[in-house]
Structure formats: structure tokens, C-alpha cells
A.B. asks: 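Below is a structure I'd like to ask you about.
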Protein chains: 2
Amino acid sequence: MNPVNLKLLAQKLNLSIATVSRALQDSHEVSMQTKERVKALAAELNYQPNAYASSLRRNVSKTIGVVIPEVNNHFFSLAINGIEEVARQQGYHVLIYLTHDDHDREADITQYLTGGRVDGLLLSVAASASQDFSHLQKLYDSKPAIVFFDRVYEELPTASVTTNDYESGYLATRHLIEAGCRHIAHLLVSGNLSIGRMRMQGYRAALESHGLTFDETLVVNGNDNDEANTQLITDLLRQRPELDGIFASVERLAISSYQACHALGRAIPTDIKVVGFSNLGVAALLNPALTTITQPAYEIGREAATILLRAIEKKLPILPSQSVVLNSTLFPRRSTARG
Amino acid sequence: MNPVNLKLLAQKLNLSIATVSRALQDSHEVSMQTKERVKALAAELNYQPNAYASSLRRNVSKTIGVVIPEVNNHFFSLAINGIEEVARQQGYHVLIYLTHDDHDREADITQYLTGGRVDGLLLSVAASASQDFSHLQKLYDSKPAIVFFDRVYEELPTASVTTNDYESGYLATRHLIEAGCRHIAHLLVSGNLSIGRMRMQGYRAALESHGLTFDETLVVNGNDNDEANTQLITDLLRQRPELDGIFASVERLAISSYQACHALGRAIPTDIKVVGFSNLGVAALLNPALTTITQPAYEIGREAATILLRAIEKKLPILPSQSVVLNSTLFPRRSTARG
DNA sequence: TTTATCTACGTAAACGTTTCCAGCACACAG
DNA sequence: CTGTGTGCTGGAAACGTTTACGTAGATAAA
């Protein structure tokens with residue numbers, strides 16, 4: 001494509017390719033004089049090193065992969081912001097792959113990535129129904145550096161960046177109980193991931209420590225289809241008229257809950273109260289303002305990328321002990337106001 | 001890293017590297033027998049070709065770059081969804097770069113990308129104050145395939161995917177006028193891009209064709225800092241108490257308008273009406289529900305990626321005539337209701 | 001003087017592919 | 001028997017870097 005390469009520079013300068021290469025890397029083995037000559041010409045001809053040749057030779061790509069369920073979700077888009085920020089600072093490129101919470105897509109993608117295309121990987125596991133994580137095991141065996149964030153597959157001995165999901169689940173549920181709820185549904189998408197289990201345990205513990213009984217039929221699994229979710233919630237609301245609280249474990253389910261309530265004419269917070277995990281910037285502007293558990297998404301992205309890039313640069317393995325747990329924050333708003 | 005390469009396969013099979021390579025590509029020059037032997041072993045050893053070696057040799061990277069202002073914005077995240085979708089279908093990888101609407105970052109990034117790292121580029125130009133587009137010119141000269149989407153730099157003779165911005169600006173403004181507004185502010189971020197100019201012209205034309213005079217001081221430029229924008233709008237509202245309509249040319253400014261109105265106690269839509277470009281899924285759930293002009297973001301992404309990949313695959317240049325204009329839709333909601 | 005050290009550069013191998021150019025064996029036509 | 005094709009395979013060059021190694025000349029140490 002662009003025929004400006006080391007060979008061309010070397011010819012024009014009557015130097016060897018080796019010297020030109022070294023000059024551009026500020027090697028001490030090259031005299032100041034030649035360095036300047038080389039750099040001047042390189043700048044003039046707008047020389048850009050061929051990334052692939054360099055990656056091939058050095059076995060280092062200066063590229064990280066980010067594998068996430070979706071990007072149209074404030075949590076993940078904020079996380080990407082954080083990731084891109086630190087990657088750019090350190091001269092890394094960011095490849096994005098979306099799984100749409102589909103197991104097979106995730107397997108395909110991770111399969112791709114065993115080929116050395118990336119130096120490291122940030123992964124937030126798909127919340128599919130499948131219990132099969134062999135693709136992640138395979139990926140791990142091909143040993144790129146991996147850091148999980150938010151949605152972790154715990155069996156791999158690597159680091160992860162998560163939030164205090166158990167406490168958050170507990171807090172959200174207690175908040176509803178204290179607002180007067182007695183029949184609280186729990187909506188989630190990632191029941192078979194640790195994140196889902198933790199939030200669930202928090203929910204359950206809060207119920208039980210307040211003398212409420214845990215009812216399995218009030219736990220509903222959604223997916224990534226908003227209409228289907230809204231329908232699911234509508235059905236639930238109809239079948240269980242005693243329901244007076246909803247704890248949505250993920251943003252889209254909180255939104256669907258609003259939609260279902262609007263459709264059925266259930267007033268929030270009078271008839272039913274809603275709290276949801278969400279990074280929606282406009283939560284406070286909703287009708288009514290949505291009480292949220294908000295994760296520090298941007299910081300999670302930064303933190304995960306930092307751990308990953310540090311390990312790559314120092315060529316050290318990533319240990320589970322480097323894991324970080326950040327705290328989410330509960331923002332009480334109208335949707336859970338008393339009376 | 002992973003030492004499973006063609007050489008290893010060749011050794012184990014007592015074949016030459018050339019034959020193994022050809023077998024894996026289903027070349028007709030290899031007997032069925034050997035093909036199967038090769039593929040079996042490759043699968044068994046989990047062979048993944050080295051992407052960099054391949055890219056180097058073929059001068060093709062199967063990677064496209066996406067350069068956008070931000071990802072934490074529904075328009076762009078939906079667009080990325082569309083882009084990733086078609087890229088994945090065709091076996092392409094997607095590199096993401098965020099400019100944060102900063103001219104210098106954009107210049108840095110495009111500089112990077114002249115190095116042949118990507119086969120093509122999808123670009124939505126940063127809405128900075130700068131009038132300097134020499135970095136884009138330079139990028140173009142290094143001839144990767146480029147398709148602009150939404151925010152176009154018109155001077156480059158390549159294709160773009162946009163929406164009917166003039167009509168949308170006209171429609172939004174007329175909608176406000178018909179709802180009774182007489183003093184309408186226009187908030188925008190991209191005054192020096194064609195997209196900004198088009199929307200502005202639509203705004204102006206609607207005013208004038210309805211006997212209202214265009215007032216330059218009602219046109220306000222925001223940036224990517226939400227607090228600053230809210231402050232800006234608050235100031236405007238205070239200084240111009242006669243204001244009864246806001247046309248926000250970009251999602252974040254509509255949100256900031258809500259915040260400013262809430263803070264000042266101006267009731268929407270009674271005191272002031274708001275319409276905004278937005279892909280916010282929860283627009284209908286806002287308080288009050290926000291009237292939006294919604295761009296077909298997902299389709300824009302798909303369309304842009306399709307044009308780009310077709311050109312790359314066929315090795316044809318991209319012509320301005322391949323440009324596509326899609327239609328946005330006005331969704332009237334409470335925020336512009338009469339009375 | 002010789003020997004060691006240092007500076008500044010060149011030669012060439014290597015990274016893992018792809019692909020051009022053979023070559024060989026065999027078949028078949030003239 | 002010669003020529004021509006065809007089916008399969010291997011050797012080796014090439015892509016653009018980086019880098020181990022070598023070397024020539026200069027300077028310093030012995």
C-alpha cells in the first residue's frame with residue numbers, strides 16, 4: 001500500500017536498513033547526526049512503520065481485545081471509555097467484539113483470539129443459558145493475558161474487576177423492604193454467573209433477615225430481547241397481583257419493568273416500587289425518577305485495563321490476587337419513595 | 001507464544017509447509033487425502049494461523065477501524081452494533097478509537113492509522129472548534145478505504161452515510177412552532193461540520209417560513225462536558241426569559257436542557273418545549289416524555305460498514321456517488337405538547 | 001607497540017505466512 | 001518414442017521489521 005518503508009528510507013539516505021530502524025527507535029548505537037537525518041526524512045515522507053511486520057517480529061501486537069455482551073448499555077459503554085482511555089495512554093489499540101450474550105458467538109470469538117492477534121483480553125462473560133465454558137478454558141490455555149470484569153468466569157485463575165454484588169443485592173432489597181414492600185420480584189439475566197448468584201444471595205439474605213420468605217417463582221430470567229422481557233414482566237405482574245416491589249439486576253430489565261407497569265397502569269411508586277442496577281445518566285429524569293444501584297463503570301474499565309496492561313508490559317502472569325472489588329452506590333429516587 | 005504453526009504441522013505430517021498452507025485454504029492443488037490429514041491434525045492441535053504473518057504477506061489485515069467521538073451515546077453505540085454485525089459476518093475485526101471530540105486526538109489517531117493497520121476506516125468526525133482538517137487529508141492520501149457516517153468531512157471524495165439533516169432540522173423547528181413556540185433556541189455541537197450546518201439551515205428556514213426572525217444569539221454551541229453544557233443552558237434561560245422552545249441538535253444537549261429546566265423550575269412543556277435528536281431508548285419514559293428526532297443509528301452503522309467492506313473485498317475505490325441518505329423520524333411526545 | 005574498549009554502522013537471520021516456480025509421476029495423443 | 005497436459009508436492013522468495021553478530025576505525029590502556 002504505502003511504499004514508504006525502511007528500505008526506501010535506507011536507500012535515500014545511503015544507510016543500511018538496520019541503522020534506519022535503530023535510528024527511529026532512538027538506539028544509542030546510532031550517532032546523533034544520523035538519527036536526525038533519518039528522522040527528518042521519515043517525517044518528510046510521512047513514514048509509518050508497518051504494524052504487522054513489527055508485531056510478527058517482536059511477537060507483540062500492542063493490541064488488546066475487549067469481549068463484551070453489548071455496547072448499547074451504559075455500563076459497558078462507560079467501561080469501554082475507561083478501557084480506551086488507558087489503552088491510548090499506553091499506545092495500545094483496542095479491538096471490540098460483541099457476544100450479544102450468545103454462547104456460540106462468544107466461543108467463536110474466543111477461538112479467533114487464540115491466534116495471537118491480541119496481547120491481552122478484557123472479558124465480560126456472556127449471560128447465556130449454557131453452562132459450558134470450555135471455550136474459555138481453551139482460550140486460557142493458549143495463554144494470552146486475561147482480566148475479567150463484571151461478569152466473571154471464576155474457574156480461571158486470573159484477575160477480575162468486579163463490584164460488591166452481594167452487598168448491592170442486599171442493599172437494594174432492604175431498601176425496598178424498608179420502603180414497605182413485602183412481595184419483591186428479582187429480575188436477572190446472569191443466573192449461572194457468579195455475578196448473578198451473588199446478587200441473588202444478597203436478595204435472598206435481605207428477605208430472610210427481614211422475616212420475608214424467599215419465593216422461587218418471583219425470580220425471573222430475562223434475556224437480551226427487550227420486547228420479550230417486557231412481556232415476561234407483564235405476565236408476572238398479572239399473575240401475581242400482590243407484587244409490590246421489583247429488583248432488576250440489570251438496566252434493561254428495569255426499563256422493561258417501567259414499560260410493563262405503564263402498560264398495565266400500575267403506578268410507580270404507589271402500587272409498585274422499582275430499583276435497578278443501572279448506569280443510565282438520565283435515571284433521575286425518568287418518570288418517576290429511577291432508584292438505581294450504580295456501578296463505577298468507568299473506573300472498572302480503567303482498573304481492568306490497568307491491571308492487564310501492567311501485566312503485559314512486565315510480562316508477568318496475572319494472578320487472582322490482583323483482583324479488585326469496587327463499590328456500587330445506591331441512589332434512592334422517586335421510584336422507591338414511601339406511600 | 002503458541003508454537004503451533006505451519007512448520008510444526010508440516011513436520012508432524014511429513015509434508016512441506018507449502019502443502020500444509022494450501023491444504024488449510026482448500027486449494028484445489030492438494031489431494032483430498034492430504035487435505036483431510038492436515039485439517040485433522042490442525043483441529044487436534046488447535047492450530048490458529050498467525051494473523052500478523054498473514055497480514056504482512058497478503059497486505060490485507062481483515063480489520064477495519066472505527067473512529068468516533070464517544071461511545072457513551074446511544075447513537076454511536078447503536079451504530080457500533082450495526083458495524084460489528086456486518087464486520088463479523090464477513091470475518092472482519094473492528095478496532096475502536098474515541099476522539100472525545102478533540103481535534104488533536106483525532107489527528108493522532110488518524111496518523112496512527114496511515115500505517116496499514118486497517119484495510120478501511122469508518123469515520124465520524126470530531127466536532128471540535130478547529131477548522132483544520134489537514135489530518136484527514138493526510139489520512140486520505142495514504143489511501144485506506146474511508147466511509148464517513150453521520151459527521152462528514154465533505155472535502156474528501158469518498159462515500160458517506162448520513163440522514164436527512166436539513167429536513168429534520170426543519171421538521172423539529174416547525175413542530176415547535178406549531179406547538180406554539182415563538183422564541184426557539186438551537187443548541188448544537190458541530191457548527192463547523194456539514195451536519196451542523198444542515199440542521200441549522202433547516203432550523204432557520206422553518207423560522208423564516210413561519211414569519212419568525214432568526215436570532216443568532218439563540219444559537220448556542222455546547223461541547224462534550226455535560227456540566228458545562230447545563231450551565232450554559234441555565235445562563236441562556238435566565239438571560240432570555242422569553243424563550244419558549246429548545247431544539248437540541250444532539251442527545252446530550254437535550255438532557256442538559258431538561259436538567260437546566262428542572263433546576264430553574266421551568267415546566268416542560270408548559271413554560272418551555274423541548275425537542276432533541278436522540279436515540280435514547282427511554283425517551284418515552286422521561287419526565288416528561290421527550291419528543292425526539294431519531295436517526296436510524298443501527299442501519300447507518302450497517303450501511304456504512306457494508307459499503308466499506310464491499311469496496312475492500314472488490315478492491316474498488318469508494319465513490320461519493322455511493323453515498324446513502326437515510327431518514328430520521330420525529331416522535332412527538334409530551335415535551336412538546338400544546339398548552 | 002600491542003591489546004582492549006568503544007562507537008557507529010552493516011550483514012543476515014528470523015518471525016509465520018503465501019505464492020511463484022519449479023519438479024516429478026503419470027496419462028494420453030500424436 | 002516424443003511431446004503435452006494434469007495432479008500433486010516441495011523449494012525458496014517475499015512481505016517489513018527487529019536484532020544477534022560482525023567489523024572497521026578510533027581511542028585508551030598496557
Side-chain angles (χ1 to χ4, degrees), chain A residues 1-39 41-42 45-63 91 112 114-119 142 315, chain B residues 1-39 41-42 45-63 91 112 114-119 142 315:
Chain A
M1 189 86 53
N2 196 342
V4 183
N5 51 26
L6 290 183
K7 189 150 111 189
L8 183 76
L9 293 182
Q11 279 171 3
K12 294 218 180 206
L13 292 165
N14 260 324
L15 288 171
S16 75
I17 294 179
T19 304
V20 175
S21 172
R22 280 187 282 242
L24 292 172
Q25 302 175 67
D26 257 332
S27 161
H28 59 275
E29 306 187 61
V30 175
S31 73
M32 284 296 277
Q33 251 194 356
T34 24
K35 268 191 206 174
E36 307 213 329
R37 280 209 309 146
V38 171
K39 289 183 179 175
L41 186 66
L45 300 186
N46 207 352
Y47 166 74
Q48 282 294 122
N50 181 304
Y52 296 109
S54 173
S55 293
L56 175 60
R57 177 56 222 247
R58 306 175 90 145
N59 202 20
V60 152
S61 65
K62 283 271 174 185
T63 303
Y112 269 159
T114 56
R117 187 181 280 269
V118 297
D119 296 338
S142 86
K315 296 181 195 301
Chain B
M1 190 84 54
N2 198 342
V4 183
N5 51 26
L6 291 183
K7 190 150 111 192
L8 183 76
L9 293 182
Q11 278 172 3
K12 294 216 180 207
L13 293 166
N14 261 323
L15 288 171
S16 74
I17 294 180
T19 303
V20 176
S21 173
R22 280 187 281 242
L24 291 171
Q25 303 175 67
D26 257 331
S27 162
H28 59 274
E29 310 187 61
V30 176
S31 73
M32 282 298 276
Q33 249 194 358
T34 24
K35 266 191 205 175
E36 307 212 330
R37 282 209 309 146
V38 171
K39 288 184 179 175
L41 186 66
L45 300 186
N46 208 350
Y47 166 73
Q48 282 295 123
N50 182 303
Y52 296 109
S54 172
S55 294
L56 175 60
R57 177 56 223 247
R58 307 175 89 146
N59 202 22
V60 151
S61 67
K62 284 268 172 188
T63 304
Y112 269 158
T114 56
R117 186 180 280 268
V118 296
D119 296 337
S142 86
K315 296 182 192 305

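Small disclaimer: the values here were computed from a predicted structure and weren't measured. Just so it is clear: chains get the letters A, B, ... in the order the sequence lines come, proteins before strands, and each one is counted from 1.
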A.B. asks: Between C:dG10 and A:Ser16, is there an OP1 or OP2 to side-chain N/O distance shorter than 4.0 Å?
C.D. replies: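 Checking C:dG10 against A:Ser16, a side-chain N or O does come within under 4.0 Å of OP1 or OP2.
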A.B. asks: Measure from the side-chain heavy atoms of A:Ala53 and tell me the nearest of C:dC21, C:dG16, D:dT17.
C.D. replies: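 Within the option list, the nearest is D:dT17.
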A.B. asks: Please determine which of A:Gln33, A:His28, A:Lys35, A:Glu29 meets the side-chain contact (heavy atoms from CB on, under 4.5 Å) test together with A:Ser31.
C.D. replies: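 It is A:Gln33; the other options fail the test.
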A.B. asks: Do the side chains of B:Leu45 and B:Leu8 get nearer than 4.5 Å, heavy atoms only?
C.D. replies: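 Answer yes - side chains close enough.
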A.B. asks: When you check the phosphate oxygens OP1 and OP2 of D:dT17, does a side-chain N or O of A:Tyr47 lie under 4.0 Å from one of them?
C.D. replies: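 Checking A:Tyr47 against D:dT17: at least one side-chain N or O falls below 4.0 Å of OP1 or OP2.
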A.B. asks: On DNA chain C, does the nearest nucleotide to A:Ile17 precede the nearest nucleotide to A:Met32 from the 5' side, or the other way round? Give the residue.
C.D. replies: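 Looking at the nearest nucleotide for each, A:Met32 comes out on the 5' side.
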A.B. asks: Report the residue (A:Gln33 or B:Glu29) whose heavy-atom-nearest nucleotide on DNA chain C is the more 5′ of the two.
C.D. replies: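 Looking at DNA chain C, the more 5' nearest nucleotide goes with A:Gln33.
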A.B. asks: By nearest atom, which of the nucleotides C:dT18, D:dG10, C:dC9 is closest to the B:Leu15 side chain?
C.D. replies: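 Selected nucleotide (nearest to the side chain): D:dG10.
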A.B. asks: Please tell me which of B:Arg57 and B:Ala18 maps to the more 5' nucleotide of DNA chain D, matching each residue to the nucleotide holding its nearest heavy atom.
C.D. replies: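 It is B:Ala18 whose nearest nucleotide is closer to the 5' end.
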A.B. asks: Answer yes or no: does a side-chain N or O of B:Arg58 lie under 4.0 Å from OP1 or OP2 of C:dT18?
C.D. replies: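 For C:dT18, OP1/OP2 do have a side-chain N/O of B:Arg58 under 4.0 Å.
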A.B. asks: Contact between B:Tyr52 and A:Thr63 at the side-chain level, heavy atoms closer than 4.5 Å - yes or no?
C.D. replies: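 Of all side-chain heavy-atom pairs linking A:Thr63 with B:Tyr52, at least one is under 4.5 Å.
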A.B. asks: Checking all strands, does B:Thr34 fall into the base, sugar-phosphate, or nothing category for heavy-atom contacts under 4.0 angstrom?
C.D. replies: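 Contact class for B:Thr34: sugar-phosphate only.
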A.B. asks: Do the side-chain N or O atoms of A:Ser31 get closer than 4.0 angstrom to the phosphate oxygens (OP1, OP2) of C:dA8?
C.D. replies: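 It does not, given that no N or O in the side chain of A:Ser31 lies less than 4.0 Å from OP1 or OP2 of C:dA8.
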A.B. asks: Looking at B:Asp26 and B:Lys39, is there a salt bridge between them, counting it only when a charged N and a carboxylate O are closer than 4.0 Å?
C.D. replies: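 So B:Lys39 pairs with B:Asp26 through a salt bridge.
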